[in-house]
Amino acid sequence: MQSSVYTADVGAGTPQGLVGRAGDVERVEGLLGSVDSGGAVLLTGDPGVGKTALLGHLALRALAAGARVLRAAGTESESGVEYAALNQLLFPLWEEDPQAVDGAHSAALRVALGFGEGAPPERFLVSNAALVLLRRAAAATPILLVVDDLQAVDPASAAVLGFVARRLAGSRVRFLAARRGRRGGAEAGVRAEYEVLPLDEGASRLLASASHPDLSAPVVECVVAAAQGNPLALVELPAALTGPQRAGLERRPAALPLTRRLREVFGSCVAGLPAATRRLLLMPALEGTGDLAVLQCAAQRLGAGADLADLEAAERDGLVRIEEFDHRLTFRHPLYRAAVVDASTSAERRRAHRELAEVLHDRPDQRAWHLGEACVEQDEDVAALLEGTAHRVLRRGDAMAAIRSLTKAAHLSPGAADRGRRLAAAAYIRADASGELTMASRLLDDARRFGSDDRASLYSAAVAVHRLLDGEGDIDTAHQILLGAIENGDHPYGACDPALEEALYLLLLLCCLGGRAELWAPLHKILERLGPDAPRLLAVNVATQGDPARTALPALGDLEELISGLPQETAPSRITRIGTASIAADRLTGVRDAVSRVPSQGRRQIVTLPLLCTDAFLAGRWDDTTQLADEGLRLCKEHAFEAVSWYFLYYKAVVAAARGEAGVAEETADAMGAWGTSRGAHHLVTLAEHIRVLVAQAEGDFERAYRHAAAISPPGELAPYTPVALLVVGDVVEAAVRTQRPAEAAAHVAAARHAGIAGLSPRRAMLVDASSAMAAEADEEAIGLFERALAHPGIHQWPFDLARVTLAYGERLRKARSTTDARALLSAALATFEQLGARPWADRAKRTLQATGWMVVKRADGPESVSLTPQELEIAHLAASGLTNKQIAERLYLSPRTVGGHLGRVFPKLGITSRAALRDALTGLAKR
């Protein structure tokens, strides 16, 4: 069940109120019924899931509504004392009015409650007496009985409560209880059972953060993952960490330790199991997958007659479940698993790890980890196995597992240089994949104490670059640091060296941000030195990101082959790098599914979001673009990724510019330009100029548009190492034509054709042909080029670009006095702009339509305008009257196909999908 946040009134310490339980409160109160209905509800759920808190909150709400609340709680110490819980509940009522019941009922109740002497009363008499007492007291004020830990209530009280619960209908008494485990005697009369489920992720995050405001964002995510929605765990787990660990300044344990309170709740369940069961449970607790075949083999190696049958006690108590379908054991909650480990000794854990390693000989990654955990001395063989495991799991996308494996490998390394290299590699992954720069720096400090080799120096330089990018550093300094580590080390130059490969990708990022030839030249030399050993994907990225106008086209074959292999690709880094290489060639649709599979983890997620933003913007899903950008900005703020945040601000700004929110867009452009200039990030400066181009184009200020577009790419030249130059080819040409610069427009078209960028994608081809058409002097030539532009396959997947070309074509036709054809094109462009919410562009199309004598009316269901030709209106009215396409065609001397085409354009304009809705839509138009 997904619960919304009930109250966010939380401060330091334990939140004052419930978090994430609004739905639970509403449903339980619904089951209890009104104060006059006499309902009974039993809350069930895992330990620590929040049943007690929910009871308390519901009790307070009942008090606020004017009811009287009587509370009791079962305890192990009083579970053998007859009527102990009944005494807690009824003592206040008896004390107020001892004469409320009389005769035999009074005597029985006095003895049961401990106020009188005599033989043990009959339970039936006590039960009736309790019911009478409650009903009479409730006649004046409604009563809510609240019983917690019902499973620990003494049997005598449980029987009486069950009797009472069955007889509350029509009274002003309600019964609300909570218990762990299976139903027993007390709840036999409670027909309504409500299971309290774990909190959802949002509420879990809120509760953990509110309970411990000093938690860093990565630690919050770690706690949320470990707690699995258990509120007690969300509050307690951070308490077992040190202050620096909570702040993310020190390495936290791989498995969060249990606090005393968690041990009491979860450990007590484990402690009550037979010793053989506890020993055997340690195996699945350490193994992780719960594979019964593995557990059977490991159990046999333990000896002493160990067998899977020993798990029955844990299964009966609900601590574990055996999934028959796939033959696996699963713990009901991860904290039961943690409690099993917590209850074991270090010697027991090492032995279990050794046995698991022997059994898992065909699973090298798991075997390496168990061997590492079983070691008490340094062992280079095991360390090497763990290092290999780290690289494999990293390719599968589990950065944290890779860090743990490398860190463990470092501790097991006899050689200081090996230890330093492995710690440095862990530091780089920590910085690159998770973005935890403080922790990465601490790992580096450890690495330096043990000395380092050249590969460790590469990792160290890479971490330093990440700190510069996300801090106050500039691109040139970061470039010098990283280039120096690459050129001055004795590391091998080969694709098989992961340290060098990662350093080169980071150098590529710096070159892209810098956007200057002098930064790119050393990278090209390094690739030449690598020769055929250069990683193929790296070479494709260099070709498509650096100077795509000149180098992307020859790399398309390799790019297409890489994209075709994405369904089988599992490495997040390769998926995102293939996606990034696909931008200039408009191949993002081919990588969309693979990118969506990349785990949401730290910096990895932040790298994928710009790809999704670009795809959404080009596809016309602008609301999605803004939402994705907002999510990216949230993550950047949490992880302090300042450099990356500008990409998300850029996407929000281009949407704002296209929708006419000029002030917002210009403000972002100014801030981005200033930041990029101060740090030597020329790419961000050109992105800022692109925002200004869009603002000026939308406002029809073509002189200003020309100035900003020319600052990106001077007319007649596609600026080198400036990918944004590809975005403004059409803008440069249109602005030059509109400002009476025909020579500059023609020169820029020639530059685009000479570069061959039309071969990159149908969208690029459409824009190049459209630019040629805008620059053409003769109308006949322009019309032919526009027709060719709109004939490229698949261009409808880029609606904004298509609508802009269609608008430009319609404007040229109107200028050439081809009014009828112009109207059809302008109408199509208008419909797309309105769908996108591109108000300035819609207004421009509308004005041009009106200049052709087109009728512009309002749609009945909203303020947006709708444009219909006189012929479309006539066809629409005839169709609304019930005529078929053939009948309409005969009446108007048209073909049925032409009639169908007109109706196909009318329906989306009117916001309808069928003929049946035509009459109402046309009536709405008439009213307006």
Side-chain angles (χ1 to χ4, degrees), residues 242 245 250-257 278-289 294-295 297-304 306 337-338 340-394 398 400-430 439 442-453 455-456 459 498-499:
T242 66
Q245 286 173 336
E250 287 184 0
R251 188 173 69 248
R252 57 187 176 271
L256 298 182
R278 292 199 307 272
R279 283 196 301 271
L280 191 55
L281 274 180
L282 185 58
M283 287 292 183
L286 296 176
E287 189 266 339
T289 69
V294 171
L295 300 183
C297 293
Q300 292 171 351
R301 293 183 61 86
L302 282 175
R337 175 184 174 186
V340 169
V341 176
D342 187 73
S344 64
T345 67
S346 61
E348 288 172 334
R349 291 192 293 273
R350 286 196 301 274
R351 181 186 176 190
H353 280 299
R354 280 196 300 271
E355 301 304 339
L356 286 169
E358 290 299 321
V359 172
L360 294 170
H361 55 83
D362 58 340
R363 303 181 192 179
D365 295 339
Q366 291 173 270
R367 178 173 180 270
W369 178 256
H370 289 298
L371 285 173
E373 290 296 297
C375 284
V376 292
E377 297 178 345
Q378 292 176 333
D379 188 319
E380 176 57 29
D381 291 337
V382 176
L385 290 175
L386 283 166
E387 186 174 14
T389 290
H391 293 304
R392 285 191 294 273
V393 298
L394 184 62
D398 195 344
M400 298 311 298
I403 294 168
R404 288 194 297 270
S405 294
L406 281 168
T407 306
K408 187 70 176 178
H411 291 321
L412 294 175
S413 302
D418 289 328
R419 178 175 287 198
R421 184 189 74 254
R422 287 160 179 159
L423 286 173
Y428 172 73
I429 297 170
R430 176 80 71 172
M439 285 298 302
R442 289 180 178 271
L443 283 170
L444 272 184
D445 290 340
D446 291 342
R448 294 189 184 100
R449 285 200 294 271
F450 296 105
S452 61
D453 58 17
R455 280 180 289 176
Y459 286 131

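Numbering of residues begins at 1 and proceeds along the displayed sequence.
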Measuring from [X]:[atom1] to [Y]:[atom2], what's the distance to the nearest 0.5 Å?
X	Y	atom1	atom2	answer
D365	L386	CG	CG	9.5 Å
H361	Q366	NE2	CD	12.0 Å
R404	T389	CZ	OG1	12.0 Å

If we only count heavy atoms from C-beta on, is the [X] to [Y] side-chain gap below 4.5 Å?
X	Y	value
T289	R363	yes
S413	R421	no
R367	L385	yes
E287	V359	no

Taking all non-hydrogen atoms of both residues into account, name the closest pair between [X] and [Y] and its distance.
X	Y	result
A426	L406	N-CD1, 3.7 Å
C375	L412	CB-CD2, 3.8 Å
A409	E387	CB-N, 4.1 Å
H370	L286	CE1-O, 3.4 Å
A410	R419	O-NE, 2.8 Å
A424	Y459	O-CB, 3.4 Å

Q. For K408 and E373, what are the C-alpha separation, side-chain angles and deciding distance, and is it a side-chain contact (heavy atoms from CB on, under 4.5 Å)?
A. CA-CA 8 Å; K408 187 70 176 178; E373 290 296 297; 3.4 Å; yes

Q. Pick from R278, R349, R279: which one makes a side-chain hydrogen bond (donor to acceptor under 3.5 Å, both in side chains) with S344?
A.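 When side-chain hydrogen bond (donor to acceptor under 3.5 Å, both in side chains) is applied between S344 and each of R278, R349, R279, only R349 qualifies.
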
Q | Backbone of L371 reached by a side-chain donor or acceptor of R354 within 3.5 Å | A | no

Q) Donor-acceptor pair, S405 side chain versus A402 backbone, under 3.5 Å? A) no

Q.
Assess whether a salt bridge exists between E380 and R422, defined as any Lys/Arg side-chain N lying under 4.0 Å from an Asp/Glu carboxylate O.
A.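 Here E380 pairs with R422 in a salt bridge, since their nearest N and O are under 4.0 Å apart.
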
